[in-house]
Amino acid sequence: MFGYEQKAFFDKYSLLFATPEKAILDLLYLYPIYNNEQEINELRFDEEFMQEDLNIGRLNEFTERFQSETLKKRVNLLLKVHDLC
């Protein structure tokens, strides 16, 4: 497992939360419907987050770990749609 951050709560418990980049990859990997610009747009990702906070280096690093050409194509489409290439 990768792409998770441990977050503490109530001073004695902790949970693992997926990073935004891992959550996006899981979504694109598990739902093949997101394979064209219209479908990517319909995800309605927050544009401010995509432009300012999305860690593209981490996204690309995690994408490589999946070893999926199909996922790479979907990620490239996502980057194109959000003008991040």
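- Between the CD atom of E64 and the CG atom of L59 there is a distance of 10.5 Å, given to the nearest 0.5 Å.
- F62 pairs by the ring-ring contact (aromatic ring centres under 6.0 Å, His included) definition with F2, not counting sequence neighbours.
- Hydrophobic clustering of Ile, Leu, Val, Met, Phe, Trp and Tyr side chains at less than 4.5 Å, counting indirect connections, unites F10 with F17.
- Linking ILVMFWY side-chain heavy atoms closer than 4.5 Å, directly or via other members, places Y4 and L25 in two distinct hydrophobic clusters.
- Residues I24 and L54 form a side-chain contact, since some pair of their non-hydrogen atoms from C-beta on lies under 4.5 Å apart.
- By the 4.5 Å heavy-atom criterion applied to side chains, L78 and M50 are counted as neighbours.
- Criterion: ILVMFWY side-chain heavy atoms under 4.5 Å apart, direct or through other members. Under it, V75 and F49 are part of a common hydrophobic cluster.
- Tracing side-chain contacts under 4.5 Å through hydrophobic residues (I, L, V, M, F, W, Y), one reaches F45 starting from L30; they form part of the same cluster.
- Once rounded to the nearest 0.5 Å, the distance linking CE of M1 with CG of L16 reads 5.5 Å.
- Counting only residues at least two apart or on different chains, the salt bridge (charged side-chain N to carboxylate O under 4.0 Å, His left out) pairs with a member in residues 32-53 are E37-K80.
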Quiz prompt | side chain to side chain contact (heavy atoms under 4.5 Å, CB included) between L79 and N60, intermediate numbers included | solution = CA-CA 10 Å; L79 296 174; N60 288 327; 4.3 Å; yes
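- Shown here for F66 and L71, the closest heavy-atom pair between the two residues is CG-CD2, 3.4 Å.
- Remark: side-chain polar atoms of R74 are not paired, donor with acceptor, to backbone N or O of N35 under 3.5 angstrom.
- Hydrophobic clustering (ILVMFWY, side-chain heavy atoms < 4.5 Å, transitive): Y29 and I56 are in one cluster.
- Taking 4.5 Å as the limit, some side-chain heavy atom of L27 sits within range of a side-chain heavy atom of L43.
- Salt bridge annotation for R58-E61: absent, with no cationic side-chain nitrogen under 4.0 angstrom from a carboxylate oxygen.
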